Amino acid sequence: MAAVKKKRWPYVLGGILVLLIAIVAVVLWRLDAILLKTARDQAATYSQKLGRPIEIGDVSTKLFPYVGARIQNVSVGAAEGEDLPLAEVKDVTVSVAAMPLLTSKGKDIRVQDAEVSGLTVNVLRLADGTTNVQRLQEKLAAQQPKEEAPEEESQPTDLSGVHVERAALTDGVIRFVDRSSGAQARELAVKDLDIEVKDLRVGQPLKVDLAAAVLADKQNLKMTLAAAPLPATLIPTPEQVTLKAEHIDLSPLGPFLPPDVGLQAGTLDADWKADLGGAVPGGKGPTKLVGVIKALGMKFAGSEGGKALDVVLDTDVTGDLATGDLALDKLNLNLGPAAITGKGKVKGLLTDKPAVEGLELVGRDLDPAVLAEYYPPLRKQLNGMIAGPIGLDVRGSGTQEAQAINIAVDLTPVRLRVPDQLSKEAGGAMKLNAKVTGAAASGGALRFDAKADLNGVDMRPGLLVNKAPGQRLEVAAAGTYAPAKTGSGMTVNVTSMSLGALEDTVTGTATVTLAGTGKKATTTFKADVKAAKLDAEKLLMSEEQVLARNGGKPPPEPPVEANRFNGYRGDIQFAIGSLRYTAMDLTNVTGVVKMVDDLITVEKFSTGIYGGKVVADGTTIRLGPAPEARPFTAKVQVQGLEVAQALAARTPKQVLTGKFNGNVDVQGVGYTPEKLQQTLLGGISGNLLEGTFLGKDLVSSVTGPLAKAVPFAKALKSGDVTSLGGDLPFSMTIKNGVAQLSKPITWTRPEAAMSFDGGIGLDGTLDLTGGVSLTPATIKTLTVGKVTPTEAIPVGLKISGKAWSPEVTGIDVKPAATTILKLAGGAALGGLLGEKGKAVEDIITGGQDKAKAEAEAKRQELEARANEEKKKLEDQARLEQEKAKQRAEEEAKKRLKGIFGGK
């Protein structure tokens, strides 16, 4: 039995293995089916987006000893109106070592091989002149979102566990099929396209080889890209590029290039090598360009007389940005009739031991308009912006003790038309001359001294600077430049600078440091600017001039990027003796302005203006939002400001005189009156000294109607002004576009005491309610001495309308007129009653406080007696009148009898 059992176990084990194999086979079969279905579902989705059928023939997988996948017969088909698929791939295989992948839990990815073979791309030119590639690009562009959310910063992906032993594209073909000429199609191809990368992993140099047969039977184009040892992100830093091309005929490619290129003929030969070094981000060491690139017999549609353009670049150039080395052993760039040639050496320009040996860089016949005769698309690209020969001359020589590079650029013969910026006619002065040195005294930095003559330039097309051709515009700057010692960036220190514009000159110093890249880039600056005088009103275009040059329309607002000032840090200090700006004459303008990102803070600012002084320390504004959404705070202290001068340019008529001392503390959003009426908040407080309200005499505005209401009164003469006293304190709170008085303003003049409450709109609209209390002396004058009250008599009124054209309304003179008439009656009664009437007059007219208190209880009785006495007098007078009438009638009868002889 034991022997039988021993013979049976191999069969059992074999059965188990067969079962496991069957299970794995079933799993792989189902896995392949699942993956194929998923891939085809995704292909159907993208087919809808691209408007082209995407098909996948088969998907097969392998799990051991390599985890691999193979995709066969993939195609991106033809769109409507096309008869060839856009792309086809016969086979895509990927294999990854299984054991390292499993044991590392997916962190060790060793790709043994990744290969795409049998790729065919069909570039089809259709009857309308467009290509299928162009149509695909337009389709994709139409599906892009109009506004993409800004990408958030993320840490670079660590790919140190990825190792690709080989990745390749083999036996690729790019076919060019031209069906634009009808049934007879032309075909050409880039064949035998091979791209291969080997041993791609962290710490290893990267090398990419490309070879292809361009419109030929054998490979005639080879390109190699070599990169530095790869970092953990596997993002390469290119170090070297080599290009070799053997007489490639470019003519057949013309129909497949964008139509505006219009290439008709030409050949390409190249044997060129570039060691990039520090010329690329992250690169180090010298940059070296050696070899020749020739593009000969280049003919383009529309060229004048069928002119052919020869472009030849022949270089043997070495440079090092870190040390300032440059060796021009050979530099010849020929562009048809134009050329740039160079020779000579510069050593250690950015060190303390610089030397320049016979450096020359000269441009000849650099006229873009002439080059456009050979290459017509250039004419469209230039759009008439530039025409005429550009003068370029760079020369240098010397040793450490005495050496320099002189740069001269002369655009005087050139005609310029830069839209929305500037223009210049041929012959107008426009020159740049710069001298660059690297003496040890500069501390290893590059020293420069540059001057620009822009007298021939017209700056008015920019709708900002009002500088016409022939007017003065000169710029000069001297200082040092030094690249950052750690990574990217630089520091420019301008030890002296000057700007001569029209009749004014601005001088100063500045320092700018650039550091970091991308979203971490920073710009740090400091400037000190001075000017004896500056007429910004002449230098800047007025609103009327802008509208006249822009067809009656305001200039368009530039697009706003809220984060465009991120990374800016610095401050500007300025001192200007006299400044003319927007009809204001400012004197001794000094200040310090600080910038942190988009926040501008006025740390210090003071100026003399309108006979007084203004200090605005602590004012802030944010420049990031659009102008109508920019928040600001204004903190202004004013001393001795002549109000009449300040308001003269802002109101049609004079409104107010006097000197203002006080504080303005407001905040808001935007700058237009409409926005400020919605957002402005804060307050204004201070004192108005020796103030006068012009355009309305409030006293005569009251006494005129009052005189009409009192029969015996006489109106006072109007002076059309209202004195506001020697010192008028006030406080206003601004909200919803209205400056509301915090408490009533009151002042006293010999003729009246006045008090008002209410507000003033930001547009100058008045809404004040109050009263004018006429003094006893004024009442006496008004009533021609008939009434002299012991206290002032108030008259209520309202002030509305614009401040420069105020309206006095709501005058209520009835209470005042009643009081005056009452007082007039009391005075008359006092005269009739003698000494007794004097007491009555005192009571009626108010008298002293003691008399009023004693008489209050008997007032009713006294008034009744006075009325009774008055009635008796009236009755007696009436009786006397009746008796006199009777006597007159009797006397008349007697006379009649005497005339007619009656009995």
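Nothing here was measured: the structure is a model prediction, and the numbers come from that model.
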Under 3.5 Å, side chain of Gln471 to main-chain N/O of Ala468, donor-acceptor pair present? yes
Can you name the residues that form a salt bridge (Lys or Arg N to Asp or Glu O under 4.0 Å) with Lys526, not counting sequence neighbours? Asp571
Can you confirm whether Met595 sits close enough to Phe525 that some side-chain heavy atom of one is under 4.5 Å from a side-chain heavy atom of the other? yes
Indicate yes or no: does Asp763 engage Lys802 in a salt bridge with an N to O separation below 4.0 Å. yes
Looking at Glu751, is its backbone amide N or carbonyl O close enough to the side chain of Thr778 to form a donor-acceptor pair, meaning the two atoms are under 3.5 Å apart? yes
Compare all side-chain heavy atoms of Leu641 with those of Ile609 and state whether any distance is below 4.5 angstrom. yes
What pairs with Arg569 under salt bridge (Lys or Arg N to Asp or Glu O under 4.0 Å), at least two apart in sequence or on another chain? Asp597
Side chains of Asp528 and Thr509 only: does a donor on one sit below 3.5 Å from an acceptor on the other? no
With distance as the sole test, does Arg472 use its side chain to make a donor-acceptor pair with the main-chain N or O of Leu502 at under 3.5 Å? yes
So that I can tick it off, tell me whether Asp453 and Lys431 are bridged by a salt bridge, with the cut-off set at under 4.0 angstrom between side-chain N and carboxylate O. no
Where the side chain of Lys604 meets the backbone of Gln573, is there a donor-acceptor pair that is under 3.5 Å apart? no
Check for a donor-acceptor pair, side chain of Glu537 on one end and backbone N or O of Thr582 on the other, with a separation under 3.5 Å. yes
Would the distance check show the side chain of Asp449 and the main-chain N or O of Lys435 forming a donor-acceptor pair, the cut-off being under 3.5 Å? no
Would you say the side chain of Leu774 lies within less than 4.5 Å of the side chain of Val699, judging by non-hydrogen atoms? yes
Could you check whether any side-chain N or O of Ser731 sits under 3.5 Å from a backbone N or O of Ser685, counting only pairs where one atom can act as donor and the other as acceptor? no
Ile600 vs Lys594 side-chain heavy atoms within contact, under 4.5 Å: no
Any idea which heavy atoms bring Met584 and Tyr610 closest together, and the distance? CG-OH, 3.0 Å
Sequence-distant partners of Val615, side-chain contact (heavy atoms from CB on, under 4.5 Å), two or more places apart: Ser606, Lys613, Asp617, Gln637
Search all heavy atoms of Thr775 against all heavy atoms of Pro750 and return the closest pair with its distance. OG1-O, 3.0 Å
Which atom pairs, donor and acceptor, lie under 3.5 Å between side-chain atoms of residues 656-664 and protein residues at least two apart or in another chain?
| from | atom 1 | to | atom 2 | distance (Å) |
| --- | --- | --- | --- | --- |
| Thr657 | OG1 | Thr692 | N | 3.3 |
| Thr657 | OG1 | Thr692 | OG1 | 3.4 |
| Asn661 | OD1 | Gln639 | NE2 | 3.4 |
| Asn661 | OD1 | Gly640 | N | 2.5 |

One should read off an interatomic distance between Leu539 CG and Arg580 CZ, to the nearest 0.5 angstrom, of 14.0 Å
With sequence neighbours left out, write down each residue that passes salt bridge (Lys or Arg N to Asp or Glu O under 4.0 Å) with Asp504, or none if nothing qualifies. Lys533
Within this structure, what is the CE-OG distance for the pair Met732 and Ser742, rounded to the nearest 0.5 Å? 8.0 Å
Residues Glu425, Arg417: salt bridge by 4.0 Å N-O rule: yes
Asn566 backbone acceptor or donor facing Asn563 side chain under 3.5 Å: no
Checking Thr722, Thr703, Val808 against Asp697 for side chain to side chain contact (heavy atoms under 4.5 Å, CB included), the one that qualifies is Thr722
Between the side chains of Thr513 and Thr524, does any donor sit under 3.5 Å from an acceptor? no
Is a donor from one side chain sitting under 3.5 angstrom from an acceptor on the other, for Ser578 and Thr587? no
Looking at residues at least two apart in the chain, or sitting in another chain, which of them share a side-chain contact (heavy atoms from CB on, under 4.5 Å) with Ala536? Leu540, Leu579, Tyr581
Side-chain donor/acceptor of Arg415 to backbone N/O of Met385, under 3.5 Å: no
Within-4.5 Å side-chain heavy-atom neighbours: Thr505 and Leu534: no
